Number of protein chains: 2
Amino acid sequence: MSRIEDVAQAAGVSIATVSRALRGLPMVSAGTRQRVLLAAAELQYVASPTASSLASGRTMVVGVVVPYVTRWYFAHLIAGASEVLRRHGYHVLLFDVGGEGPERPMLLESRALFRRVDGVLVLSLRMQATERELLSNLGVPVVTVGVPGNGWTCVRIDDVAAATRATEHLVRLGHRDIAFLGGEPADGGDFPTPADRERGFVTTMRRHGLDVDPAWMLSTDWTAAGGLAAASRLLRGGRRPTAVVACSDELAIGVLAAARSLGLRVPQDLSVTGIDDHDMAAVHGLTTVAQPVNQQGRLAARIMLHEVAGKEARGSSAGDAGDAGDAVDAGDAVAGAAPGSPNQDGVVEVDSELVLRSSTAPPAVP
Amino acid sequence: MSRIEDVAQAAGVSIATVSRALRGLPMVSAGTRQRVLLAAAELQYVASPTASSLASGRTMVVGVVVPYVTRWYFAHLIAGASEVLRRHGYHVLLFDVGGEGPERPMLLESRALFRRVDGVLVLSLRMQATERELLSNLGVPVVTVGVPGNGWTCVRIDDVAAATRATEHLVRLGHRDIAFLGGEPADGGDFPTPADRERGFVTTMRRHGLDVDPAWMLSTDWTAAGGLAAASRLLRGGRRPTAVVACSDELAIGVLAAARSLGLRVPQDLSVTGIDDHDMAAVHGLTTVAQPVNQQGRLAARIMLHEVAGKEARGSSAGDAGDAGDAVDAGDAVAGAAPGSPNQDGVVEVDSELVLRSSTAPPAVP
DNA sequence: CTGAAAGCGCTTACAG
DNA sequence: CTGAAAGCGCTTACAG
């Protein structure tokens, strides 16, 4: 466990020079740098991150906050963000708050994040007002996936458009009796996805002059089991829809299972669409609206890196928390073009696209 | 962003006393503690983790290394470990190395982990010898799930027993023509799961005097898509097995899809078993050998905490890396009974159990 | 029970 | 281009 002083001694220079040489700063002669590098390698020296952080004020750590690690969507966001962050020398501090709603057991607290990270990535998490405030007061950039507002940059798909695509597809195939299976109570809070997808469905139906039967508007948790249960109820009813727009592939896979167990053939007796393009969607032949989840994670991470760099360049000295509020703009001005281009609300939208498989077909002629 | 000195001033005591009072150390009078707590609350003081770490030598961070975050098994391990760690005040530094094999792109390097964590959790990762050595030289406890050896404590199920359970079940139902779908080339390296499961299958078949047809021993990556592809080949063959033992539920779900697409009924024409009890297993009616994945993550984390505590109590002073080699034993001696009881190889085994659903039945009478 | 002081191992102006 | 020194914000013996 050699310290910087050991390296300095071995190389015959001061610790300041070692520090500069090892971090690749200019203002070090080639010869000196060479000697320092050699000495460091021989001593297997690695700078103490804790000491560097204390002295420099940056941690090289980004906090990643998620409601779940175990769900497909979140795992893929994490993977995407993590890869970009690691590639740029940043570490990932994972906060799994273990639940969706704002009244979940584990809340964000300042002792967890404060001075521990250079930035925070919030992934599709519905938060309490106090949590949002806490994040804003942290003094570091915050970037989200799926949570617009609060002055933070947000990466997301157009959820209205995604649901519209699925619905349009079914309508064009000739379906008129279409049910909707939503992901959860669309409470319209700071996480607009459920409400947006519902709106996309309803608006599209109305535009085509089709009825939206309240009894066919279902919602459940975002799981295949939930989809199975809800669809079983729906499909056992006397009058049956000929198609179901499910708000996620996991829900859709539940619908497929329900259909199978009731002896309904897909797509002959029932068409089903999902949203996501889950790993298992192809195996189930599921027609779905694919969204680039990994890419959204990567993009959010890149924007984060950009904002951190911008904040740094703006010249907060160590210990000065700076102001995260305008990190986006400042970042743009200081460190080149931002990746993706946020609109005036700070939202960067990525595209979703319909993927045709075997779970959809024209309705049977009655 | 108040510092400890602000609190000291406000409370009219020294910074040493603030430090003690806030951390709940004894040797602080009730009145003083009261005043300090009040002052700290008013100033919204939170100690700088970076400064604490530098001074104390502990980071309150545990590194969690995984080949993937996106797969069911790993996500659930992470979730379990993370919850225990967080509940005990530890943070989770996530290292997604992005691949299974020892020749994956992202290797563990000392600059990533060195002095950055108080311990490392390695989750079912096949490593290079240099990586294992690196971890051992880190000077902090290492606990694994699924990777025995190296002097580290390892949590796992008995994979031989798991595969045996599935095979026994099918044999008892009367199957004699059983195929095996393994997870990957069983290379017998430091990650014994694939080879163990294969052994459980083969041994059980032989014990019952049943043939193991090499053409029916398949393997692929651990995905449903891989299972679908492999099973499609298998089931199109002239002579068909009446049952398939798949090494994971995702593989098994792929087999189910293959059967469906070939018009084979499950379980009438083909019985299928998995291993895991994946979230989607129930929805697919899959008979499987359930393993408690979340619990393995939790257990590994608890053992880790225990070893960290033991190491601490053994009295390494700040900066002294201590010796992780005997952390297990020392932990036991110092900090009470260890959670779970490692055998002489340092392995803690948790139980798996057969879960009967609708994907298995006696073979059709020819 | 409390405080003064050393020290953790770096980075960063400031001089030169 | 290089070094001496201050400082980052805590914790921890050591005295008292």
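Numbered from 1 within each chain, the chains take letters A, B, ... in sequence-line order. For the numbers below, each heavy atom of this structure counts, side chains included, while hydrogens, waters and symmetry mates do not. Note that the structure is predicted; figures quoted are calculated from it, not measured.
- Separating the CZ atom of B/Arg23 from the C1' atom of D/dA13 is a distance of 12 Å, rounded to the nearest angstrom.
- Which of C/dA4, C/dC1, D/dG3 sits closest to the side chain of A/Ser14 comes down to D/dG3.
- Looking only at distances, no side-chain donor or acceptor of A/Arg302 sits under 3.5 Å from a matching main-chain atom of A/Ala81.
- Checking the phosphate oxygens (OP1, OP2) of D/dT11, a side-chain nitrogen or oxygen of B/Ser19 falls inside 4.0 Å.
- Rounded to a whole Å, the CG atom of A/Asp6 is 13 Å from the C1' atom of C/dC10.
- Between the C1' atom of C/dT11 and the CD1 atom of A/Ile4 lies a distance of 8 Å, rounded to the nearest Å.
- The side chain of B/Val13 sits closest to C/dG3 out of D/dG3, C/dG3, D/dC10.
- Side-chain atoms of B/Glu131 come within 3.5 Å of backbone atoms of B/Gln128 as a donor-acceptor pair (strictly under, hydrogens ignored).
- A donor-acceptor pair under 3.5 Å is absent between the side-chain atoms of B/Ser82 and the main chain of A/Asp96, judged by distance alone.
- Side chains of A/Gln44 and A/Ser2: a donor-acceptor N/O pair is absent below 3.5 angstrom, by distance only.
- Checking D/dC8, D/dG9, D/dT2 against the side-chain heavy atoms of B/Ala51 singles out D/dG9 as nearest.
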Given pairs defined as Watson-Crick or G-U wobble with both distances under 3.5 Å, what dot-bracket annotation applies to DNA chain C, with ( ) intrastrand, [ ] crossing, | other strand and . unpaired?
|||.||||||||.|||
Nucleotide N/O to protein N/O under 3.5 Å, stretch nucleotides 14-16 of chain D:
none

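- Distance from the side chain of A/Arg115 is smallest for D/dC10 among the nucleotides C/dC1, D/dC10, D/dA4.
- For A/Ser56, the side-chain atoms get nearest to C/dT12 when compared with the rest of C/dC10, C/dT12, C/dT2.
- In terms of position along DNA chain D, the nucleotide closest to A/Pro26 lies nearer the 5' end than the nucleotide closest to the other residue of the pair B/Ser53 and A/Pro26.
- Under 3.5 Å, the side chains of A/Ser29 and A/Arg33 contain no donor-acceptor pair of N or O atoms.
- Remark: side-chain polar atoms of A/Asp118 are paired, donor with acceptor, to backbone N or O of A/Met60 under 3.5 angstrom.
- Remark: A/Val46 engages B/Ser110, B/Arg111, B/Phe114 in a side-chain contact (heavy atoms from CB on, under 4.5 Å) (not counting sequence neighbours).
- Distance CZ (B/Arg33) to C1' (C/dC1): 11 Å, rounded to an integer number of Å.
- Taking atom CZ on A/Arg58 and atom P on D/dC8, their separation rounds to 16 Å, with Å as the unit.
- Contact annotation: B/Ser29 reaches the phosphate of C/dT2 (side-chain N/O to OP1 or OP2, under 4.0 Å).
- The residue B/Thr32 sits close only to the backbone: its heavy atoms come under 4.0 Å of sugar-phosphate atoms, none of a base.
- Comparing B/Ala16 and A/Tyr45, the nucleotide of DNA chain C nearest to each residue sits closer to the 5' end for B/Ala16.
- Counting only distance, with no hydrogens or angles, the side chain of B/Asn137 and the backbone of B/Leu134 share no donor-acceptor pair below 3.5 Å.
- Computed from coordinates, the B/Leu54 CG to D/dG7 C1' distance equals 12 Å when rounded to whole Å.
- Spacing between atom CG of A/Leu25 and atom P of C/dC10 amounts to 15 Å, rounded to whole angstrom units.
- For B/Ile15, the listed nucleotide lying nearest its side chain is D/dT11; candidates were D/dT11, C/dT2, D/dC8.
- Between B/Ser52 and D/dT11 there is a side-chain polar atom (N or O) within less than 4.0 angstrom of OP1 or OP2.
- Under a 3.5 Å cut-off, the side chain of A/Thr32 and the backbone N or O of A/Val28 do not form any donor-acceptor pair.
- Taking atom CE on B/Met27 and atom P on C/dT2, their separation rounds to 10 Å, with Å as the unit.
- Heavy-atom neighbours of A/Gln34 CD from other residues, nucleotides or ligands within 6.0 Å: at or below the threshold of 12.
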